[in-house]
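Below is one structure, written out as structure tokens, with a few remarks after it.
No experiment lies behind these values; they were computed from the predicted model shown.
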Protein chains: 2
Amino acid sequence: MTGHDVAAHAGVSQSTVSLVLSGNPKARIADETRERVIEAARELGYRPNLLARGLVQRRSFALGIVVPELDNPFFTEVVSGAERVAGEAGYGVLLADSGQIPAAEHVMRLRERQVDGVILAGVPVETMPDEALADANVVVVDEPTGRYPGVASDATGAGRKAAEHLLSLGHRSLAFMGPADPSYTFRMRERGFVQALREAGCAITSPLLRRAPASVAGGDRAMAALLALEVPPTGLFCANDLMALGALKACAAAGVRVPSELSIVGCDDIEMARYVTPELTTVMVPARGLGARAARLLLLTLDGRDTGALSGKPLEVEFVSRQTTAPPPRREP
Amino acid sequence: MTGHDVAAHAGVSQSTVSLVLSGNPKARIADETRERVIEAARELGYRPNLLARGLVQRRSFALGIVVPELDNPFFTEVVSGAERVAGEAGYGVLLADSGQIPAAEHVMRLRERQVDGVILAGVPVETMPDEALADANVVVVDEPTGRYPGVASDATGAGRKAAEHLLSLGHRSLAFMGPADPSYTFRMRERGFVQALREAGCAITSPLLRRAPASVAGGDRAMAALLALEVPPTGLFCANDLMALGALKACAAAGVRVPSELSIVGCDDIEMARYVTPELTTVMVPARGLGARAARLLLLTLDGRDTGALSGKPLEVEFVSRQTTAPPPRREP
DNA sequence: AGCGGTTGCTCATACGTATCACCAAATACG
DNA sequence: CGTATTTGGTGATACGTATGAGCAACCGCT
């Protein structure tokens, strides 16, 4: 089932079929011919071979997206948002879940498939060999590089909002937990949090700054360490929701009541934040929006359109008050 | 950067380059020539154009996967499993998140991209027009069709195990919640549960059989309805974990204590099941395994290998005892 | 020396589409 | 009526790769 078959069936040449079905609308085709071709294509159920089209047009109308792990709901949402936008624009999406293979290799594979562009989310772009990204259309999610266009959320704002909320509740003994090898976004969340505390004259001390993998298990471990301190904090900000869920779990295991004994604020607002008990107070980061925006930015770039507008300002984050925060317990009850 | 460039650089023809770099190993190439070509390719950073290869070989070495929603962690895991297996075999993965567009349309788009096969997970295959799947390599996840090869989990077994557990704890007043338009798998989970109850002389009555979307919100609503009954059940089996999380949430909101007042069993064992409080007792369905197996089955089919072995027996499910089940409260305390 | 067989490579072509150059017929124009 | 212009289409080619046919050189054997 090729364009030639349709041509034969409609009594025209393959060129004409191509012009009718995918050529630009300014092609001069008689209405009657156009009808015949379209009808023939419909009857035969013709679908163009996008490999062939891609080969000659040097555009595959597909884009790749690389994430470190689909397990993390945050990245799932990014993918979901990007997929939607790409799909609506007629683009296909090639997914690469980093896993064992280094991200750079994934990018190379995607480029072999001639993707028109690549979205990188949560991968350490700075550590990738230059050649992998050389003259590729790349959009980086939530990790401003200065070298590639990107979309980001207001990460320092996220940390700041968490701090402001906890401070306003009266907390003064605050802790933070985040990954040991933080990505840009995690660094900024931490910085925003720490700076806001400092400005309020409430510096964070080293034992209250825990490093652990940004996962539920990591949060669990870090929380256990915090609870083992001589004077545990009364409030906690976690680099992401997964860690916060782990912290919540550790508290439940240790019999520490949230929020009456300890207030916890997460970050991302993954769906699960609403479904745990108590519901997690967090800072909403528009993951799906980031993915969608990344895709839009990429598509605009491919069309050679101006990208300044989209690339510019970070996406707003929003504090979401739920049930894991409350005023600190009174001292020496 | 094409094979011709490499050829020129190595002083051979493009054919030779092709033979060296991707031709079958039985091609007769002098060692010295082979070296030269490989070296030239390395120097130039040559990567073959898979579109061109796909066009001539009539195989794209890519497969498509269609899911109804990436939001559901179950499907995320299926995708993740399939992606891993495909990636290791050198296949690319085109993702289609159903969303607004009907699944059949997604399949057509994937086929335009010449995917070698398609994995369908959670899409209503029976309602798809035949032409969409005509002479395509299809593997259906968890929905035996009789027309297409598929991989499935032991869904009746899942329902049965949930029933057996609750019965063995002493429950006699049991409820079920599942979607109103159940897929095959959901129907079988329900059937296994109901049958096991019946065999134990403990039939389930109609008001204890709730229909709601298989989501957290749906579970929440259904649970609220159950709690409003004159005699609420002491035990509950949910068609999937998302519903169970919703039920848990509704209980928390209504002040019903789990598991002392009500036992809840979910199904799937999504990651979150471990992280809610109390931890969710559930039946583990190997989602990642299903995805991996679907991919393997598809790849074998593409190689023209025998597929009987893989297609055969459903994957085992496993009861996972956690914290949401306990003996029923004594009557009239 | 003569000859079949093997080795090592190249030539030409096909895959299915888009697109440029070109052409015949029809039409406009003075 | 002769010529410029437009209309509506076709033919040929290119995209980058794989691959069967073919070919020259060399080998082993009698």
A:Arg187 with A:Asp181: basic N within carboxylate O range, under 4.0 Å:
no
Apply side chain to side chain donor-acceptor pair (under 3.5 Å) to A:Thr16 and list each qualifying residue two or more places apart in sequence or on a separate chain.
A:Ser13
Under 3.5 Å, is there any donor-acceptor pair linking the side chain of A:Ser15 to the base of D:dG11?
yes
Where at least one partner belongs to residues 84-104 of chain A, residue pairs that pass side-chain hydrogen bond (donor to acceptor under 3.5 Å, both in side chains), sequence neighbours excluded:
A:Arg59-A:Tyr91
Does the distance from a Lys or Arg side-chain N to an Asp or Glu carboxylate O, for A:Asp116 and A:Arg58, drop under 4.0 Å?
no
Among C:dA12, D:dT10, D:dT7, find the nucleotide with the atom closest to the side chain of A:Leu19.
D:dT10
Short of 4.0 Å, heavy atom to strand atom, which residues of residues 41-60 of chain B count as contacting DNA chain C?
B:Leu55, B:Val56, B:Arg58
Distance check: side-chain N/O of B:Thr16 vs OP1/OP2 of C:dT10, anything under 4.0 Å?
yes
Report yes if at least one side-chain N or O of A:Ser22 is closer than 4.0 Å to OP1 or OP2 of C:dA18; otherwise report no.
yes
Measure from CZ on A:Arg111 to C1' on D:dG16 and round the result to the nearest Å.
16 Å
Need one value for A:Val12: base, sugar-phosphate or nothing, where a base atom within 4.0 Å counts as base even if backbone is also close, heavy atoms only.
sugar-phosphate
To the nearest Å, give me how far apart CZ (A:Arg28) and C1' (C:dC20) are.
12 Å
Validation row: B:Ile119, B:Leu297 side chains within 4.5 angstrom (heavy atoms):
no
A:Glu112 atom CD is separated from D:dT17 atom C1', nearest whole Å, by 13 Å
Between B:Glu39 and B:Arg42, is the closest basic N to carboxylate O distance under 4.0 Å?
yes
Out of D:dT7, C:dT17, D:dG11, which nucleotide sits closest to the side chain of A:Gln14?
C:dT17
In whole angstroms, how far is the P atom of C:dG8 from the CG atom of B:Asp31?
8 Å
In whole angstroms, the gap separating C1' of D:dT17 from NE2 of B:His4 amounts to 8 Å
Distance test, side-chain N/O of B:Ser18 to OP1/OP2 of D:dA18, below 4.0 Å
yes
Carboxylate-amine/guanidinium proximity below 4.0 Å for B:Asp135 and B:Arg111:
yes
Once you round it to whole Å, what is the distance between P of C:dG16 and CD of B:Gln114?
9 Å
Atom-pair distance (CD1 on B:Ile29; P on D:dT19), nearest Å:
13 Å
